[in-house]
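Only one structure is covered here, and it is reproduced in the block below.
Keep in mind that this is a model prediction, so the values were computed, not measured.
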Amino acid sequence: MTELLSLRPLAAVLAAAVGVIFIIALHSRPNLREGATILSSVSTLAIVASMVPGVLDGTTYVTDLGTFVPGVSFTLTADPLGMIFGFLASILWVVTSFYSIGYMRGLDEHSQTRYFAAFAGSVSAAIGVAFASNLIVLYVFYELLTVATYPLVTHDETDEARKAGRKYLAYTFGGGVAALAGTALVFWLTGTVEFTPGGIAALANADPVLARTAFALLVAGFGVKAALMPVHSWLPDAMVAPTPVSGLLHAVAVVKSGVFGIARVILDVYGPNTVESLGVGLPLAAIAAFTILAASIIALRQDNLKRRLAYSTVSQLSYIVLGLALLAPSALVGGLLHIPAHAFMKLTLFFCAGAIHVETHTDDISDMAGIGRRMPLTMIAFTIASLGMAGLPLVAGFVSKWYLLIGSIDAGQTVFAFVLLTSGILNIGYFWPVIYQAFFQTPEDSDAKPLIEFPIGGVLARADGGTKDAKSIAEETTYAVDRNPSDHVETESHDNHDDHDNHDDHHHGGPPAGGWERRSIGTESTWFMMAPIATAATGAIVLGIVPYAAVFLALVQQVVAGATGVVF
């Protein structure tokens, strides 16, 4: 590995940051403002992509900005692990920028300038997280990411949104404090916080109790954004944000920064050998396994589509943590490869949920019987991504989960292989009802399949100490998607039946009178939304069929080789 001094890592961070300035300056000219968003995202991608060939050839790009605090330099480094996250975030920002234009215009959203500016700031911070060269720089960008995403979580400006925003800040800033404490303890034990492939050597000889304490603090701090149970509940509540933000939170920036931080700790701070000798890998794997299963079971009871996807994310993120905690080379490959695999699949799913909302104002699965007639391309893409999430072949999720299964066996922990297989069954359990209702049922013959009616999945605790059973949840939307003021539903009279028949998006959710209108692919929504959905779904397929050609698998194997010495 050779280091090359370069301004490109810094330029990648600044390209998105400068975009914030232009977006705000062009607030009165929406077309130019959105043009600035697209230009910033494409520029960021171009800069990051220009470093990929060099990184694959063993070059590390370094921007040294001098001493940050005594003994710690402010350095940005584009290495293989950072490139996985940075390249992923920059690709999906371009896709999400186009989608956001269609979404925000489709709902005639308020405060669009703030939205696009905060989005650009969030990606800038995410790129900073990716290219941080030590724990201190990572912490700075990690906290900036929280600040930048807060306006997105509270975008609707309702009491519900503000409450979700306060919870988001409390959890993530609390996690930041834990991460900072762990960073300080590592520095005190070793005199450095620099990322080193295979780990900081001095930690292997440090006091085991203190080393374990630092590990626990770091994993807990980053585990908040990784949505490890029991510090996960901010994530479903954040679904009050606009759907593109949900995509950002769940597929690109925020949650991936959490699992990325854990990856840095295991691979570049402690190293697999030290993690194994300290005995901290197996407890982390157990927490991840519990999260995988518990979140999947909770997802079964969610009638609101975005909340079901939220709990799916909680579960799927722990696949990554599980792979990292098992430490076997194949498990590490599977865990790291699931970062981009999950991103493409989950972004597709959220894009589909957003398109359904914009076009039909339908948010609940129980209202979606026959919606495949109205939105064929959307539901085909949803089906593809769902199959990948369940781990079926030819989609990205299969490849990463295959490596995870092999890694579980290689590590001598077959119990986790059973966890992964069980999770795949549960994935089918909570995705199949959506697909079945969309394509094989009509509103007249549908039932409440999305909900299960036994205590684990069918009873919801209330703040007043009472409970709601599954039936009452089915009759009442427990958490509206973009409820107010995003839902700009027309209030005109529908005495004109021809107008109602031609514009089924004028109702307040669920199938209109007479059922869903049949539309052909290409006419269900604007191509500002349909093209990103198709692109994200295609990316999930490419990662499932030719993962090497998609670059990410090659980067992942390079990371694992550097940390373990095992060459694939």
| Side-chain contact, heavy-atom cut-off 4.5 Å: Pro340 with Leu543? | yes

| If you measure from SG on Cys352 to CE on Met379, what distance do you get to the nearest 0.5 Å? | 7.0 Å

| query | Does a donor on one side chain sit under 3.5 Å from an acceptor on the other, for Tyr150 and Thr172? | reply | no

| query | Does Asp79 reach the main-chain N or O of Gly82 with its side chain, forming a donor-acceptor pair under 3.5 Å? | reply | yes

| message | To the nearest 0.5 Å, what is the distance between CD1 on Ile91 and OG on Ser41? | response | 12.0 Å

| request: Decide side-chain hydrogen bond (donor to acceptor under 3.5 Å, both in side chains) for Tyr319 and Ser400; before the verdict, give the C-alpha distance in whole Å, the side-chain angles of both, and the deciding distance to 0.1 Å. | output: CA-CA 9 Å; Tyr319 280 68; Ser400 57; over 6 Å; no

| request: Can you measure from CE (Met529) to CE (Met375) and round to the nearest 0.5 angstrom? | output: 7.0 Å

| note | On a heavy-atom basis, the closest approach of Arg33 and Leu26 is CB-O, 3.4 Å

| query | Nearest heavy-atom pair of Pro242 and His155: which atoms, and what distance? | reply | CG-CD2, 3.6 Å

| Do any N or O atoms from the side chain of Thr348 and from the backbone of Ala537 form a donor-acceptor pair under 3.5 angstrom? | yes

| Should Phe260 and Leu88 count as side-chain neighbours, where that means a heavy-atom distance under 4.5 Å? | no

| How about Phe116 and Ser97: do any of their side-chain heavy atoms sit closer than 4.5 Å? | no

| note | Met51 and Ala78 have their tightest heavy-atom pair at SD-CB, 3.8 Å

| said: Can you tell me how far apart CG (Leu180) and CD1 (Ile136) are? Round to the nearest 0.5 Å. | reply: 6.0 Å

| message | Using only atom types and a distance under 3.5 Å, with no angle test, would you say the side chain of Thr362 pairs donor to acceptor with the backbone of Gly510? | response | yes

| said: Taking Leu309's backbone N and O only, do any of them form a donor-acceptor pair with Thr313's side chain (distance below 3.5 Å, no angle check)? | reply: yes

| Is the Phe382 ring parallel, tilted or perpendicular to the Phe431 ring (thresholds 30°, 60°)? | perpendicular

| Check: Val13 main-chain N/O paired with Ser124 side-chain donor or acceptor under 3.5 Å | yes

| Side chains of Met345 and Ile384: closer than 4.5 Å at any heavy-atom pair? | no

| message | Could you report the tightest heavy-atom contact between Met389 and Ser312, atom names first, then the distance? | response | CE-OG, 3.4 Å

| query | Should Asp303 and Arg308 count as side-chain neighbours, where that means a heavy-atom distance under 4.5 Å? | reply | no

| field | Gly261 backbone acceptor or donor facing Lys225 side chain under 3.5 Å | value | no

| note | The reported gap from CD in Glu34 to CG in Asn31 (rounded to nearest 0.5 angstrom) is 6.5 Å

| query | Within the side chain of Glu524, is there an N or O that forms a donor-acceptor pair under 3.5 Å with the backbone of Leu377? | reply | yes

| ring-ring contact (aromatic ring centres under 6.0 Å, His included) assessment of Phe131 paired with Phe141 | CA-CA 10 Å; Phe131 294 155; Phe141 283 108; 9.8 Å; no

| Using 30° and 60° as the class limits, which term best fits the ring planes of Phe87 and Phe552: parallel, tilted or perpendicular? | tilted

| Distance from Thr154 atom OG1 to Leu152 atom CG, nearest 0.5 Å? | 8.0 Å

| request: State, yes or no, whether a side-chain contact exists between Leu7 and Tyr61 at a heavy-atom distance under 4.5 Å. | output: no

| request: State which residue, out of Arg166, Lys163, Arg307, Lys306, fulfils the salt bridge (charged side-chain N to carboxylate O under 4.0 Å, His left out) condition with Asp237. | output: Arg307

| message | Please determine whether the number of non-hydrogen atoms from other residues, nucleotides or ligands lying under 6.0 Å from atom CZ of Phe22 exceeds 12. | response | no

| said: Quick check against the 3.5 Å criterion: does Thr158 have a side-chain atom that pairs as donor or acceptor with the backbone of Asp156? | reply: no

| request: Would you name the heavy atoms of Ala381 and Ile533 that are closest together and state the gap between them? | output: CB-CG2, 3.5 Å

| said: So does Asp268 get a backbone contact from the side chain of Thr196, meaning a donor-acceptor N/O pair under 3.5 Å? | reply: no

| So, for His338 and Gln316, which heavy atoms are closest and what is the spacing to 0.1 Å? | NE2-OE1, 2.9 Å

| request: Quick one: do Trp234 and Val224 satisfy side-chain contact (heavy atoms from CB on, under 4.5 Å)? Show the steps, please. | output: CA-CA 9 Å; Trp234 65 269; Val224 171; 4.0 Å; yes

| field | From CA spacing to verdict: side-chain contact (heavy atoms from CB on, under 4.5 Å), Thr146, Tyr168 | value | CA-CA 8 Å; Thr146 298; Tyr168 174 63; 4.3 Å; yes

| note | From the list Thr243, Ile356, Thr378, Thr96, side chain to side chain contact (heavy atoms under 4.5 Å, CB included) with Phe351 holds only for Thr96

| said: Quick one, Val560 with Leu267, criterion side-chain contact (heavy atoms from CB on, under 4.5 Å). Give me CA distance, side-chain angles, the key distance, then yes/no. | reply: CA-CA 8 Å; Val560 175; Leu267 299 175; 6.0 Å; no

| task | Classify the angle between the aromatic ring planes of His361 and His357 as parallel (below 30°), tilted (30 to 60°) or perpendicular (above 60°). | result | perpendicular

| message | Between Thr60 and Val55, is there a side-chain heavy-atom distance shorter than 4.5 Å? | response | no

| Close side-chain approach of Ile84 to Val556, heavy-atom, < 4.5 Å | yes

| said: Show, in sequence, the C-alpha distance, side-chain angles and deciding distance for Arg8 and Ser50, and conclude whether the side-chain hydrogen bond (donor to acceptor under 3.5 Å, both in side chains) test is met. | reply: CA-CA 9 Å; Arg8 275 187 273 183; Ser50 71; 3.2 Å; yes

| task | For the pair Asp363 and Leu305, evaluate side-chain contact (heavy atoms from CB on, under 4.5 Å) and give the outcome as yes or no after the intermediate values. | result | CA-CA 6 Å; Asp363 303 324; Leu305 181 56; over 6 Å; no

